[in-house]
Amino acid sequence: MNDMRKVERDLKVNDAKITARNVDVRYGETHAIKDVSIDIPDRTVTSFIGPSGCGKSTFLRCLNRMNDTIDICRVTGKITIDGKDINERSVDPVQLRAQVGMVFQKPNPFPKSIYDNIAYGPRIHGLARSKTDMDEIVERALRRGAIWNEVKDRLHAPGTGLSGGQQQRLCIARAIATEPEVLLMDEPCSALDPIATAQVEELIDELRQDYSVVIVTHSMQQAARVSQKTAFFHLGDLVEFGETEKIFTNPSDPRTESYITGRIG
Amino acid sequence: MTDITNAPGPRSPHRTTELIAGTLKRRHAKEARLKWIGLGAIGIAFTMLFILIASLVSSGWQAFAQTHISVAVYIDPQEVPAENLPRGGFDDVLAAAMAQMLPDADTDDRATMRSLNGILSNGAQFSLRDQVVANPDLIGQTVTIKVPVSDPFDQLNKGLIDRDTIEQNRRVTDREIAWFDTLKDQGAISKPFNWALFTNADSRFPELAGLKGALVGSFWVLSICFIISFPLGIGSAIYLEEFAPKNKLSDFIEVNINNLAAVPSVVFGLLALAVFIGWFGMPRSAPIVGGLTLALMTMPTIIIATRAALKAVPPSIREAALGVGASKQQVVFHHVLPLAMPGILTGTIIGLAQALGETAPLLLIGMNAFITSAASSPFDSATALPTQIFIWADSPERGFVSRTSAAILVLLGFLMLMNAVAIYLRQKFQRKW
Ligand SMILES: Nc1ncnc2c1ncn2[C@@H]1O[C@H](COP(=O)(O)OP(=O)(O)OP(=O)(O)O)[C@@H](O)[C@H]1O
Ligand SMILES: [Mg+2]
């Protein structure tokens, strides 16, 4: 956290898009996130790494208030996006989630056609002026999700009929179809082959030009390849957060070091 | 966290294989036993069903045919004066026509003439009258009419009267049997399909009694029941499942809905009697009251089925929709409800099928009245299929015995139809996720 003031070379803007202060998350008795404070910069890819069950998904889900839907989940602390407290009463979670897109850990396409999977978000937000406009949005999203070539001939087949990796990319395409400002991706490449992974990583890199992207990953290589900032979580604590390069070459916390060298995990 | 290095290794791999092999036989035997028990249970259930249907069919099938007689009637202008048509002596005209066909009958004896008339259904003179009133030119001509015979002769024709029993114990005399056989030899007797069973309302005379009143009554009752219980049931279920805060109050409501579903139906009948008829002054025996009562009974079933169906929709679908910025209401109506629809429809149809067969509450609100015309609105007096069965089962005439079974078969037919629709809808709307 002492690296926060450093400005990275290849970043034009580095204001904090998302700030979290003293965030605690409890599932009933389980204390899943412990007093986490972090500043996630704009136009940057931030990766969350850490052993399984350390709270990466939980923290990610705080950022678009997805934990609201879990009855036993209690979130305390302050999270702001563009300086606005997202847990304030005046903030509509619907608006927030349109602004902060999410790709879930398990692919969850709607049991509708591939086309409707993508078109649903733009449709409810009224983003398309006409049918051709919508077709364009769908095609663009599917191309960016690196799945267009595989599905262009069967846009009206059910999305649930795709393979696991294809479903994952469909969900990525769905999330970017509404053009969110922040994109949260929970292990978006866990079921993808190296080629599709490379395509998704390319997409992430491209998204960085305009958006803030947060990606949870179990692959150190991927974190090193795509992200500029890396946060390491361990047992609900944010152990270390800083420049990706520094985390991987010269971590300041011994726990980070043992994790990236493969000793905890 | 995962801690591979400290994880214990396998205990003894070879022994494990042996152990599994040892238990395998027992497990397979258990499986086979379970299979046979299941098959046995299904076998017993089917046998019962078969016995039920077979007994109903064996006693009821005769009611689907009705003995008719063709009579050539001379409309005697002396008996049927054109100026006072409706009061004409149509029974005498018919008796004369019968006497014509049976030359050995003594036309001067009034008792003989009465028995001749008794071969025909009581409705014959009325249908003849209606025909002549509609077309007065028929007076003075001979018309051939085809009318049902009265119940004893119908029974005789269907072989349900034993000719060998002594005359006093029979409902037809030897003379009448002889007449009937003569008529049969003349080819005047026929036994076509009994359309009247579906087109006539109830009657004192079994050969004229039909189910139209009951079918129409059941139609109104079920329509009202559906119109009220379906939207209310689904609405309550959606609110309780998706929007209501989970607290003591919602638990309390949930428990009470489950209780409501278990309340005996006769209690609903008493409630309807007190509230709908007593307080609100709704008409007795009317389908509107029956429909409201059955709606009260069906609603908990629909609520429970709908909630179960909503609960079965995987949370990942809700998250996906919320994740792209759908509002709670959009999540429910765009995603959850369509996925829950097969379950909801199945539950609703099962609830309605229950309502269709429900008898006790309808008896309490007077839907077992003797009503000879079909209701033209839900506010008219009517019977329903189950109460009609109840009435007929209580009637002493032989002809009602087979009609009762026939009515039960019709009711079962409708139930099976509804269940088939439920299965069809479930298959049609079923989607995978
Ligand atoms: N819905 C829930 N109810 C109760 N406990 C939960 C729930 N979701 C997560 N937890 C608990 O919170 C902790 C953090 O879980 P989380 O899913 O955030 O881990 P993660 O870092 O994403 O792990 P992974 O890499 O395996 O996805 C775990 O101990 C988990 O058991
Ligand atoms: Mg996770």
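Computed over heavy atoms, backbone and side chain alike; hydrogens, waters and symmetry mates excluded.
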Crowding at [atom1], [X] (>12 non-hydrogen neighbours, <6.0 Å):
X: B:Phe219; atom1: CZ; answer: no
X: A:Lys34; atom1: NZ; answer: yes
X: B:Phe243; atom1: CZ; answer: yes
X: B:Lys246; atom1: NZ; answer: yes
X: B:Arg27; atom1: CZ; answer: yes

Measure the OG-CD1 distance between B:Ser327 and A:Ile124 for me, rounded to the nearest 0.5 Å.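 Answer for the OG-CD1 pair, B:Ser327 versus A:Ile124, is 7.0 Å.
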Establish, yes or no, whether a centroid distance under 6.0 Å links the rings of A:Tyr120 and B:His335.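 For A:Tyr120 and B:His335, the ring centres are under 6.0 Å apart.
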Quick check on side-chain contact (heavy atoms from CB on, under 4.5 Å): which of A:Asn64, A:Thr69, A:Val94, A:Asp68 does B:Leu322 satisfy it with? A:Thr69
Are B:Glu319 and A:Arg97 close enough for a salt bridge, meaning some N to O gap below 4.0 Å? no
Note: B:Ala320 and A:Phe104 closest approach over all heavy atoms is CA-CE1, 4.1 Å
So, for B:Leu339 and A:Pro111, which heavy atoms are closest and what is the spacing to 0.1 Å?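 Smallest heavy-atom distance, with atoms named: CD2-CG, 3.5 Å.
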Do A:Arg174 and B:Val324 come within less than 4.5 Å of each other through their side chains, counting heavy atoms only? yes
Under the 3.5 angstrom rule, does the side chain of A:Asn108 hit a backbone N or O of B:Ile317 as a donor-acceptor pair?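 No; zero donor-acceptor contacts below 3.5 Å.
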Quick check on A:Arg123 against chain B: is it the side chain, the backbone, both or neither that has a heavy atom closer than 4.5 Å? neither
